[in-house]
**Q** 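Shown below is the structure under consideration.
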Protein chains: 2
Amino acid sequence: MAVRPDRSVASGTIAWTQVRDEIRARGLRWTAQRRRILEVLEATRGHVTGSELVERCRERDPATTPSTVYRTLDVLEELGYLSHSHSAAGREEFHVMPEAEHAHLQCRVCGRTWELDADEAESVVDPVARSHGFAADLGHLTILGRCAVCVSAEAAEPRLPA
Amino acid sequence: MAVRPDRSVASGTIAWTQVRDEIRARGLRWTAQRRRILEVLEATRGHVTGSELVERCRERDPATTPSTVYRTLDVLEELGYLSHSHSAAGREEFHVMPEAEHAHLQCRVCGRTWELDADEAESVVDPVARSHGFAADLGHLTILGRCAVCVSAEAAEPRLPA
DNA sequence: CACGCTATCGCAACACGTAGCGATAAGAGG
DNA sequence: CCTCTTATCGCTACGTGTTGCGATAGCGTG
């Protein structure tokens, strides 16, 4: 799908004018709504759900429509500026401008999430690449389970059998 | 989402009376609605979405309510008779009576899914177990990506870069 | 600048699930 | 068989996204 262009970018920040130019270069259009969404993304770090992004856009402009936001997020993902995965609850989790594609761990007990760096994610996905020739989308991968802390908490305070 | 090449579970091999007994043994109740849902599951092989199950229950009894179905599915999952994960589209995918916990691959191009057997799934998840002490829920894991067929189809018919 | 093509917008309706609540009925005990 | 407790039911309303459609407005061109 999308090839992410090279970007000269300061630490953690994004050259958003470049997004605008790329949008125009593809025959897409630069609109007030898209500018607003990019402003919101610029002020965002880490992971956000779709509805959080809608909410933040509404703070800037109460007239914001969900469908417009989601459609723009689709476009940005297609262009490689975002990725999304699904949380344990099945909600969409967006990750803004990852410097490198990475996967996630999410604990179903305490809800915390961790990022897997590229090397680790690669080693996770390597077996299926070898045996099935399967090219995994690392950015979409969220592994659900229990973190080390919650596992040992469970061991310390065992449940009664029914 | 056309073909599902993965091995389906022969759900006819399950003693559903056992489910009823376990439900009662836990102080839960055996109702007409639950019996109907189990009948539907009994006639089901492989993976189903939640709404498909609701639909099939409605074929047997048009009065079926979605919330009742989903609540019963939760109960059955809690008892270990089902597991669910999320498809590429974020929909719930239920797997009936897995003989062994297993993960899935799903191709985002052609939509097909494959099962990973226990050994393979284990090797996928092993790196995060080692480095993070993370106990992954294999049954909930769906790895999205492109299958070998679609990858090579893409190579044969390349897209223009921008 | 005006024109025209069409991408995008906002709206309304829908699809999938979840949650709260009063009414019903499962099933244990007398 | 009757009573009582409370798990479950069906309903309604909500939350999160998606989709179809007519209206609007970017932006390339004359």
Side-chain angles (χ1 to χ4, degrees), chain A residues 17 19-38 47-58 60-79 82-94 108 111 140 162, chain B residues 1 17 19-38 47-58 60-79 82-94 108 140 162:
Chain A
T17 44
V19 180
R20 184 200 60 200
D21 293 345
E22 190 176 345
I23 281 178
R24 285 213 263 242
R26 303 222 177 191
L28 307 178
R29 286 169 191 172
W30 183 244
T31 66
Q33 293 84 346
R34 288 187 173 170
R35 184 162 28 77
R36 194 170 305 116
I37 293 168
L38 286 185
H47 308 92
V48 235
T49 65
S51 58
E52 278 168 356
L53 289 173
V54 170
E55 195 44 48
R56 291 181 197 178
C57 287
R58 254 204 248 275
R60 287 164 190 258
D61 178 0
T64 303
T65 299
S67 54
T68 298
V69 175
Y70 286 110
R71 283 191 280 231
T72 297
L73 293 174
D74 288 348
V75 169
L76 293 174
E77 186 162 8
E78 189 111 358
L79 297 184
L82 291 177
S83 65
H84 87 273
S85 54
H86 295 279
S87 72
R91 302 278 166 267
E92 287 190 323
E93 292 273 344
F94 287 90
R108 92 165 110 81
H140 192 276
Chain B
M1 238 152 275
T17 45
V19 179
R20 185 200 60 199
D21 292 345
E22 189 174 348
I23 281 179
R24 286 215 261 242
R26 303 223 177 191
L28 306 179
R29 286 168 191 175
W30 184 245
T31 66
Q33 292 84 346
R34 290 188 173 170
R35 183 161 29 76
R36 193 171 306 117
I37 292 168
L38 285 185
H47 308 92
V48 234
T49 65
S51 59
E52 278 168 357
L53 288 174
V54 170
E55 196 44 49
R56 291 181 196 177
C57 285
R58 254 204 249 274
R60 287 165 189 256
D61 177 1
T64 302
T65 299
S67 54
T68 297
V69 175
Y70 286 111
R71 283 190 283 231
T72 297
L73 293 174
D74 287 347
V75 169
L76 293 174
E77 186 162 9
E78 188 113 357
L79 298 184
L82 292 177
S83 65
H84 87 274
S85 55
H86 295 277
S87 72
R91 302 276 167 270
E92 288 189 322
E93 291 273 343
F94 288 90
R108 90 164 113 81
H140 192 276

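Computed from a prediction, not measured in an experiment: that's the story for all the values here. Residue numbering restarts at 1 for every chain, and letters A, B, ... go by the order of the sequence lines.
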**Q** Partners of Arg60(B) by side-chain hydrogen bond (donor to acceptor under 3.5 Å, both in side chains), sequence neighbours excluded?
**A** Glu39(B)
**Q** Which residues pass the side-chain hydrogen bond (donor to acceptor under 3.5 Å, both in side chains) test with Thr49(A), sequence neighbours left out?
**A** Ser51(A)
**Q** Could you tell me which residues satisfy side-chain hydrogen bond (donor to acceptor under 3.5 Å, both in side chains) with Arg35(B), sequence neighbours excluded, listed by chain and number?
**A** none
**Q** Just list the side-chain donor-acceptor pairs under 3.5 Å for residues 71-78 of chain B, sequence neighbours left out, or say none.
**A**
| from | atom 1 | to | atom 2 | distance (Å) |
| --- | --- | --- | --- | --- |
| Arg71(B) | NH2 | Ser67(B) | OG | 3.4 |
| Thr72(B) | OG1 | Thr68(B) | O | 3.1 |
| Glu77(B) | OE1 | His84(B) | ND1 | 2.9 |
| Glu77(B) | OE2 | His84(B) | N | 3.2 |
| Glu77(B) | OE2 | His84(B) | ND1 | 2.9 |

**Q** Where along nucleotides 24-30 of chain C does protein come under 4.0 Å, by heavy atom, of base (B) or sugar-phosphate alone (S), with - for untouched nucleotides?
**A** -BBS---
**Q** What pairs with Asp21(A) under side-chain contact (heavy atoms from CB on, under 4.5 Å), at least two apart in sequence or on another chain?
**A** none
**Q** Sequence neighbours excluded, which residues qualify as side-chain contact (heavy atoms from CB on, under 4.5 Å) partners of Arg56(B)?
**A** Val40(B), Thr44(B), Val48(B), Glu52(B)
**Q** Got a sec, which residues hit side-chain hydrogen bond (donor to acceptor under 3.5 Å, both in side chains) with Arg91(A), two or more places apart in sequence or on another chain?
**A** none
**Q** Under the side-chain contact (heavy atoms from CB on, under 4.5 Å) test, which residues partner Thr31(A), sequence neighbours left out?
**A** Arg29(A), Gln33(A), Arg34(A)
**Q** Checking Ala25(A) now: which residues fulfil side-chain contact (heavy atoms from CB on, under 4.5 Å) with it, not counting sequence neighbours?
**A** none
**Q** Under 4.0 Å from a heavy atom of chain A: give me the 5'-most and 3'-most nucleotides of DNA chain D that qualify.
**A** dT16(D) to dC27(D)
**Q** Could you run through nucleotides 12-20 of chain C and give me one letter per nucleotide, 5' to 3': B if any protein heavy atom sits under 4.0 Å from the base, S if only the sugar-phosphate is that close, - if neither?
**A** ----SSBBB
**Q** Please report the closest heavy-atom contact between Cys57(A) and Thr64(A), naming both atoms and the distance.
**A** O-OG1, 3.3 Å
**Q** Expressed in angstrom and rounded to an integer, what is the separation of Leu38(A) atom CG from dT8(C) atom P?
**A** 13 Å
